[in-house]
Each structure stands twice: as C-alpha cells, then as structure tokens.
Protein chains: 2
Amino acid sequence: MPHVKCKGHCYTCPVRHQSIFSELPEDTLEETIKDFHTSVLTYESGETLFRQYDDSSESAFTLRKGLIKVTKSLPDGRTQIVRILVAGDLFGFDGFANESYNNTAIALTDCEVCRLPMAELAVLRKSMPGIDQSMVARLIKNVRQSEDMLLELGAKKASEKLASFILRLSLSDQNLSFSVDSLQGKPGSEWAKLHLSRSEIGSLLGLTIETVSRFFSDWKRKGFIQEEKGSIQILDAEGLKDAACTQGACN
Amino acid sequence: MPHVKCKGHCYTCPVRHQSIFSELPEDTLEETIKDFHTSVLTYESGETLFRQYDDSSESAFTLRKGLIKVTKSLPDGRTQIVRILVAGDLFGFDGFANESYNNTAIALTDCEVCRLPMAELAVLRKSMPGIDQSMVARLIKNVRQSEDMLLELGAKKASEKLASFILRLSLSDQNLSFSVDSLQGKPGSEWAKLHLSRSEIGSLLGLTIETVSRFFSDWKRKGFIQEEKGSIQILDAEGLKDAACTQGACN
DNA sequence: CGATCGTTTGATTAAAATCAATCTGAGTGG
DNA sequence: CCACTCAGATTGATTTTAATCAAACGATCG
C-alpha cells in the first residue's frame, strides 16, 4: 500500500533538476501547478506501483528516491525487466497514447514518487514548451537504451550478456552500478543501493537463475570477480572479457 | 549511392500527414523551412543510409516511401534488427543527444527520404511547439514497441517468437504485414511490400535461418500456414497457437 | 548451361533450461 | 543460545532447445 506523504512542491523536490521540469522557471511552474493534484507517495521495497493491462493509466510519476524496475510479463508468468528507473525519471505516461499501462512498475527499494494526473501533465505540456523538449531528450535516450538492450538479448550468448552487464555497471557514470558510485551524492540517491537477485539479473538478461549463478561462481573461482554483501567487484576485466566474450562483444 | 531527387517541399510531400509535421499549419511550415537545406533522396533496396558509430549524426530523415530496417551489430557481425520504418517515420535523430548514430539504417525496398540537417530540425523544434509534441507521441509508441520486443526476445522460445511474429503481421492494422494490407492505399506505401528473408526474420527475432526455416516448413506441412511468392498466409491460427505457444504466449 | 543466392533438410554439437538436491545465511521463536 | 524455517543461491545430472556444420535443392540470371 502506498502511503501518501504530502502534496508535492517543486521547490522542495530533491530531483527537481534531474526531472523533465528541470529547465523551467521555478516560480512559473509552481504557480501553474498550484491547483494540480500532485502527491508524493512512498512505496516499500517490493510493492507494485501499477500493473500492465489491469490499471488504466491515469497518472504519470516522477521518481524522487529509490529504484524501480519496469517489467513486462507473459500470461504464464515469464517476466522480462525492460528498464530500471532512477531518481528523476518520468514513468507511467502510457496514457498519452493508450488507456492502459504497457508495463508493470515494482519498487526495488523503498521509494518516493511524485504522482501527477495524466490530464494535468497534458495541460503542462501544452502550456510549457520546455517540457516536451526535455521529454523528447529523455525518450530518445530511452529508445537508444532499449535498442542496445535488444542487441544484448537478441544477439549475445549468456556469458556475453552477463559479462557486458557487470562491466557496464562497474564503469557507468550514467548507468546503474552495483555499488552505485554513479548515483552517490546525487539528490534522491540515498535509498538507491541497487541490489538485484540472481533471479532479477536473469529476468533482465533473459536467463535462468542457474545460468547466472553458474557463470558468476565460475568467474569467482577464476578470480575475475568477487562479491561481498551482494555487491560485485570486477578484479580482472581483461581476463573476464577473454573468458566470456568473443572479440569485442562485451565493450 | 543515394540519388538527390530535389529539394523537398512540404505541400507536395506524400507523407506530410503521417509525419511529425502533420499538425502544423502548412503555410507557416513552408515559410519557416524555405531557406532550410532539405533534400529528397532516393535509395535502392539494400543501400545503407547511415551506419552506427562511423557517421556523425548531422541529419535526420523522414521516410517518404518504402521500408527501412534499423539494425545494431556486434563487432563480429552478429546483427539485431531493432525496428522497421514505414512511411512517415522520423529517424536518424541521435544527434540530439549524442554525436554519432546509434544504429544502422538499410533500405529494405527502394526508398525515398527527406533529409533535414539536425541543426535545422533543432530550430524547427524551438519555433514550432507542435513538433516536440508529435515527437513525444511517436517516441512513446517507439518505447512501447521496444519494450514489447524485449519481452519477445528475452522471454519467448523460438516457436513462440515466430508464431507471435507472423500472427502480429497478419492481424496488424498499425503494424507491418507480409501482404501489407495495413499500408495499402496509404500515401507513400506504393513501394512498401515487405519481404523479409529467413535471415532477416532471424535477425529480428534472435534466431538462425535454419531455425526459422524448420518451423515454417513444419507449420506448412501441418497446414497452419502457406507461403506464395514470399508472402505468408495463416490458414489455422488456433492450430498454430496450440502447436507453437504455451497458453497465451502468442496473443 | 553453370553460377549464385537463398532455402531446406539432416546429422551433430553446444548451450542453456530444467529437474533435483543441497547449502547458506538471515530471521524466528522456543 | 540453539534449533527451525525459509528464501536465495549453488551445484550436479539430465534433457531440451537451438546453433552449428554439412549437403543438397530450386529459382533466377547472365
């Protein structure tokens, strides 16, 4: 059950400058939304914010704190994680094109989100041109990320998927990290310690828990990686690449 | 080699009303772009419009006629088709966020595109608010489609991927079709007869030609589908689903 | 007619899923 | 504090799935 914390205020918003509203003059924005039905909601780790199909998409959300996984599932339960949301991300805006959510959002950590009715977001988009512009920028990044992921899922072998994944996380300035250096210090990141289970890693890469576990165990034995309290460190990136990837497949 | 046909004019554009410029008042648009460096280019089937990485993304394109596949590849040549473009689609706009193209665009049929320098599209976006709005709408649709595809690639078995694929095409009003009913009659669709080779279907679904061929042969023998001059018809959708899909996986 | 390209089909191998035990560690309650 | 439980994770054995290797087929083209 989400807990309503309060009505949201832009000037106190921790992720204001990472959101799609970042470019807008603060006073104008605050003035415009003063009669809007925004609210700040909190969810506990594991809670579902909305589900594909069965909810009608009447609200969009901005993530203030925490991490959220966005998934899609087949009727028999097989699930694919399609994206992981970090502070500042806008999500649940399917309502623009379709009445129901196209995916499911589940809190990976305790979360705080700002909810905004779709209709009111639509008004904002009309009245403040900058919003569409930042949405375009974000959506393009989104599309690019999805395309990259399609290549991961469609063209790579299990070991390559896994190696790319942990390498990407360990580098990543703009991406997620197990140890989340990239998020450290940024507003809204206090609760953002990413910890994915084997099952979630599998669900992200289209693999089973066993396959994930086997490769990780193997790489630990070989000294390429190490893991402590759920956080993976890469000890020998070159060795890992040599062992897991055909030339260039993991860069 | 692309052939420059002429400078583009919006009022003669066959896909004007399917493009991101559809909502704009015609005269204003034409007036605004009159000094722009638009040009209409033609490409033959098989030609590459741009390649991931090695081109700097200085132009965006609108597809006027024909079909284009957008792909991503690994260094060793393994290739994933990430999207198929139809008349009216805007593409190659990676320049907004990044200097180089994130993917490769290859003509599936003879094509006609309208090329617009990124810098000028940026001007348009600033001066005509509606453009960002239609871009948002399209990009959302794009994201949704990519998410769907991630589920296909990450969670489904070969037979399910293939069955979903041909079922989707055969229904599809808004999607692509082998026989392309959905496009028939729409402006710009004259050259839009989709014919994908086994290898391209494989590259779209993350399978090999042999696997594609085997399932299709099997389904022909069983009378679920038939194929004539490259166009697949579904004879028994229920039978196909029963044979190829776990409950609900192919709807 | 031979050459070529895409497809089909078969045989074999490799990869990953599945099935089945165990193991581990973090709570829980006696 | 010590069993006990439970959810993940690991490991092994086995099966299934799809890739790979290999050959042949069929249409099209110069």
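Naming convention: chains lettered A, B, ... in sequence-line order (proteins, then strands); numbering from 1 in each chain.
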Chemist: For the pair made of CZ in B/Arg198 and P in D/dG26, what is the distance, rounded to whole Å?
Modeler: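 Between P of D/dG26 and CZ of B/Arg198: 16 Å.
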Chemist: On the nucleotide C/dA16, are OP1 or OP2 found under 4.0 Å from the side-chain N or O atoms that A/Thr211 carries?
Modeler: no
Chemist: Please confirm whether the shortest side-chain N or O distance from B/Arg221 to OP1 or OP2 of C/dT9 is below 4.0 Å.
Modeler: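 Yes, such a contact exists.
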Chemist: Can you see which heavy atom on A/Leu67 is nearest to which on A/Thr109, and at what distance?
Modeler: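 Closest approach of A/Leu67 to A/Thr109: N-OG1, 3.0 Å.
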Chemist: B/Arg214 side chain N/O closer than 4.0 Å to the phosphate oxygens (OP1, OP2) of C/dT9?
Modeler: no
Chemist: Grab the CD-P distance between B/Glu210 and D/dA19 for me, whole Å please.
Modeler: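 Atom-to-atom, B/Glu210 to D/dA19, this comes out as 8 Å.
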Chemist: Taking any heavy-atom pair under 4.0 Å as a contact, classify A/Gly206: base, sugar-phosphate, or nothing.
Modeler: sugar-phosphate
Chemist: Within less than 4.0 Å of OP1 or OP2 of D/dA19, is there a side-chain N or O belonging to B/Thr208?
Modeler: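 Affirmative; the distance criterion is met.
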Chemist: How is A/Lys220 classified with respect to the nucleic acid when contacts are heavy atoms under 4.0 Å: base, sugar-phosphate, or nothing?
Modeler: sugar-phosphate
Chemist: Please check the phosphate of D/dT11 (OP1 and OP2 only) for any side-chain N or O of A/Ser217 closer than 4.0 Å.
Modeler: yes
Chemist: What does A/Leu207 touch in the nucleic acid at a heavy-atom separation under 4.0 angstrom: a base, only the sugar-phosphate, or nothing?
Modeler: sugar-phosphate
Chemist: When you check the gap from the basic side-chain N to the acidic O, do A/Arg198 and A/Glu227 get nearer than 4.0 Å?
Modeler: yes
Chemist: Would A/Phe61 and A/Phe93 count as a close aromatic pair, with their ring centres under 6.0 Å?
Modeler: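 No.
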Chemist: Of B/Ser213 and A/Phe215, whose nearest nucleotide on DNA chain C comes first from the 5' end?
Modeler: B/Ser213
